[in-house]
A.B. asks: 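Mind looking over this structure? Questions follow.
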Amino acid sequence: MAQTSLEGFATKTSAGVQPKIQRIPFAGMMSLFFLCGFLTALNDIWVPYLKDAFDLSHTAASLVPTSFFFAYFIVSPIAGKMIDRVGYQNGIVFGLLTTALGCLLFFPAVTQHFYGLYLFAFFVVASGIAMLQVAANPYVTALGPQKTSSSRLNLAQSTNSLGTTIGPWIGTLFILDIVISKTAETNTTIFTLYSILACTLVCTAIIFAKLIKLPRIVAVEASQDNNQIVWSNRPLILGALAIFLYVGAEVSIGTWLVVYFKNSVVVGLDGITAGRMITFYWLGALLGRLIGALLMNFIAAPKYLFINALMAITTIIISINSSGNIAMVSILAVGFFNSVMFPTIFAIALKGLGPMTNRGSGLLCQAIVGGAFIPVIQGAAADSLGIQLSFIVPMLCYIYIGWYALMGANEST
């Protein structure tokens with residue numbers, strides 16, 4: 001099977017000349033990151049809404065992120081092979097249309113008021129997003145010099161953070177704000193939101209299919225030896241585990257923030273105000289990515305990753321040992337320190353893979369399935385220990401990421 005070589009594309013310049021950032025393709029990738037972030041952040045609003053609508057336990061409500069992120073594990077390797085065959089541009093178009101289909105599936109889920117249909121809709125939306133992630137993340141690392149790949153991916157993913165910042169606010173406006181009104185009105189606003197999203201995704205697919213011309217990436221033959229290189233690459237495998245735990249921690253915190261802030265022992269906010277506060281969690285990630293994209297031109301990526309992991313651990317410890325505004329602000333601050341983790345781990349883990357970069361990207365995108373498991377573990381901890389102490393679960397994830405920054409990533413730098 002032909003294997004895509006991003007390294008070959010990134011260095012396709014005259015000898016001794018550094019490749020320049022290709023601006024139009026880069027802008028196109030940024031639009032994809034925005035859409036992925038916006039749709040993913042809506043999960044944080046759906047969890048408290050569905051928890052109340054179906055009278056679910058913490059563990060049962062955590063099936064929302066589980067169904068969403070489990071799609072990454074199933075679809076990512078399929079997406080990698082599909083991209084090998086049809087190319088990045090067609091793969092992106094197919095991913096956008098699949099995501100649009102998932103948005104339309106919310107119509108029967110709402111009409112039938114069946115939890116299983118909601119979970120299936122989340123799975124289909126995430127399947128399309130997984131295809132987009134498999135294509136966009138490595139493509140961004142190739143659209144310029146290898147030396148600044150971490151900084152470039154952080155900059156591109158700042159638009160993902162912009163989407164995750166806006167998503168909870170819009171979700172609260174269309175879902176939680178209306179939940180106190182008549183059910184019919186709630187259904188209408190949900191239909192309106194997902195109709196707009198489906199139309200936007202289809203229009204974006206048309207733009208990518210007809211108007212944006214992405215550079216072709218050189219294809220080389222992938223051999224069994226090359227596959228062994230992927231699985232024997234220690235920084236890649238350790239990086240995949242870091243991605244698993246990072247996504248799990250980030251998603252788990254976002255999933256339980258509304259429940260956490262509504263708890264009378266912690267803050268005691270009403271549901272609508274708590275939903276709006278999630279915006280500040282993702283806004284921190286946006287600001288952190290913009291700052292990180294600048295600072296990582298001067299600070300080594302593993303060192304900067306370690307600093308952020310250490311600060312995430314510290315702020316969680318403060319939150320679980322306090323109450324009121326201190327507990328709220330400190331847990332929201334984790335979003336800022338989350339900011340650079342995904343793109344930095346991703347870029348570090350892919351270094352040195354050459355023609356197997358796409359295969360490595362598929363493995364890393366599969367590791368996003370951590371978002372399916374860690375929220376369930378924290379949900380179970382919340383049912384047994386209480387919501388506040390349950391944040392020990394994501395804290396343990398950041399401890400591993402700090403170790404990876406210090407030790408596990410050394411072989412790739």
Side-chain angles (χ1 to χ4, degrees), residues 27-49 64-65 67-69 71-72 92-93 95-106 118 121-137 140 153-177 189-208 247 250-251 253-255 257-258 275-290 335 338-339 342-343 365 368 371:
M29 295 302 108
M30 292 177 76
S31 71
L32 297 182
F33 283 121
F34 174 84
L35 290 170
C36 291
F38 185 94
L39 287 160
T40 301
L42 288 178
N43 294 349
D44 297 340
I45 301 302
W46 276 113
V47 168
Y49 171 78
V64 170
S67 61
F68 189 92
F69 287 95
Y72 281 86
I92 287 170
V93 171
L96 287 165
L97 294 177
T98 301
T99 308
L101 174 62
C103 289
L104 295 177
L105 289 174
F106 279 91
Y118 279 104
F122 288 122
F123 180 87
V124 177
V125 168
S127 296
I129 292 176
M131 297 176 195
L132 299 177
Q133 291 275 14
V134 170
N137 281 297
V140 167
L153 193 53
N154 269 295
L155 178 60
Q157 290 229 354
S158 66
T159 57
N160 180 280
S161 295
L162 178 61
T164 57
T165 300
I166 296 173
W169 190 273
I170 298 298
T172 299
L173 177 66
F174 277 83
I175 301 172
L176 291 185
D177 265 353
T189 58
I190 293 174
F191 292 158
T192 301
L193 174 61
Y194 278 89
S195 294
I196 294 171
L197 288 173
C199 289
T200 301
L201 289 160
V202 171
C203 290
T204 305
I206 293 171
I207 291 172
F208 268 91
V247 174
E250 181 189 52
V251 170
I253 291 173
T255 297
L257 278 182
V258 172
R276 289 174 176 167
M277 293 307 297
I278 299 177
T279 294
F280 295 100
Y281 176 68
W282 296 111
L283 178 61
L286 170 60
L287 297 175
R289 279 202 173 128
L290 293 173
N338 275 339
S339 57
F342 182 89
C365 285
I368 293 174

A.B. asks: Considering non-hydrogen atoms only, spot the tightest contact between V93 and A205 and give its length.
C.D. replies: CG2-O, 3.7 Å
A.B. asks: What's the shortest heavy-atom distance between S339 and A285, and which atoms?
C.D. replies: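 Result for this residue pair: CB-O, 3.2 Å.
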A.B. asks: Compare every heavy atom of P343 with every heavy atom of R289, then report the nearest pair and how far apart it is.
C.D. replies: NH2-CD, 3.7 Å
A.B. asks: Are side-chain heavy atoms of C103 and L39 found at a separation under 4.5 Å?
C.D. replies: yes
A.B. asks: Take Q133 and Y72 through the test side-chain contact (heavy atoms from CB on, under 4.5 Å) and record every step on the way to the result.
C.D. replies: CA-CA 9 Å; Q133 291 275 14; Y72 281 86; 4.0 Å; yes
A.B. asks: Check whether any side-chain heavy atom of I170 sits under 4.5 Å from a side-chain heavy atom of F38, and report yes or no.
C.D. replies: yes
A.B. asks: Does the side chain of L257 reach to within under 4.5 Å of the side chain of F280, using non-hydrogen atoms?
C.D. replies: no
A.B. asks: What I'd like to find out is whether the side chain of V125 reaches to under 4.5 Å of the side chain of L42, using heavy atoms alone.
C.D. replies: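 No - every pair of side-chain heavy atoms lies 4.5 Å or more apart.
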A.B. asks: Under a 3.5 Å distance rule, please check whether Y194 uses its side chain to pair with a backbone N or O of G102 as donor and acceptor.
C.D. replies: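 No.
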A.B. asks: When rounded to the nearest 0.5 angstrom, what distance separates CG in L97 from CG in L201?
C.D. replies: 8.5 Å
A.B. asks: Can you find a heavy atom in the side chain of T255 that is under 4.5 Å from one in the side chain of V64?
C.D. replies: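 No - every pair of side-chain heavy atoms lies 4.5 Å or more apart.
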A.B. asks: Do I278 and V258 touch side chain to side chain, with heavy atoms closer than 4.5 Å?
C.D. replies: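 Yes, at least one pair of side-chain atoms sits under 4.5 Å.
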A.B. asks: Heavy atoms only: give me the nearest T159-M30 pair and the separation to one decimal.
C.D. replies: OG1-O, 2.9 Å
A.B. asks: In Å and rounded to the nearest 0.5 Å, what is the CD1 to CZ distance from I129 to F122?
C.D. replies: 11.0 Å
A.B. asks: Let me know which of T165, D44, T40 forms a side chain to side chain donor-acceptor pair (under 3.5 Å) with W282.
C.D. replies: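 Among the candidates, only D44 passes.
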A.B. asks: Minimum heavy-atom separation for V251 and G371, please, with both atom names.
C.D. replies: CG1-O, 3.9 Å
A.B. asks: How close do G37 and T164 get, counting heavy atoms only, and between which atoms?
C.D. replies: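 For G37 versus T164, the nearest heavy atoms are O-CG2, 3.2 Å.
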A.B. asks: Could you walk me through whether T172 and W169 pass side-chain contact (heavy atoms from CB on, under 4.5 Å), step by step?
C.D. replies: CA-CA 5 Å; T172 299; W169 190 273; 5.9 Å; no
A.B. asks: Would you confirm whether T189, through its side chain, and F174, through its main-chain N or O, come within 3.5 Å as a donor-acceptor pair?
C.D. replies: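 Yes, because the side chain of T189 sits within donor-acceptor range (under 3.5 Å) of the backbone of F174.
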A.B. asks: Less than 4.5 Å apart, any side-chain heavy atom of Y118 and any of F106?
C.D. replies: yes
A.B. asks: Side-chain contact, heavy-atom cut-off 4.5 Å: L35 with L96?
C.D. replies: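 The answer is yes; the side chains approach within 4.5 Å.
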A.B. asks: Supply the atom-to-atom distance S127 OG to L101 CG, rounded to the nearest 0.5 angstrom.
C.D. replies: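 Spacing of OG (S127) from CG (L101) equals 9.5 Å.
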A.B. asks: How far does CD1 of I92 sit from OG1 of T204, to the nearest 0.5 angstrom?
C.D. replies: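 It comes to 11.5 Å.
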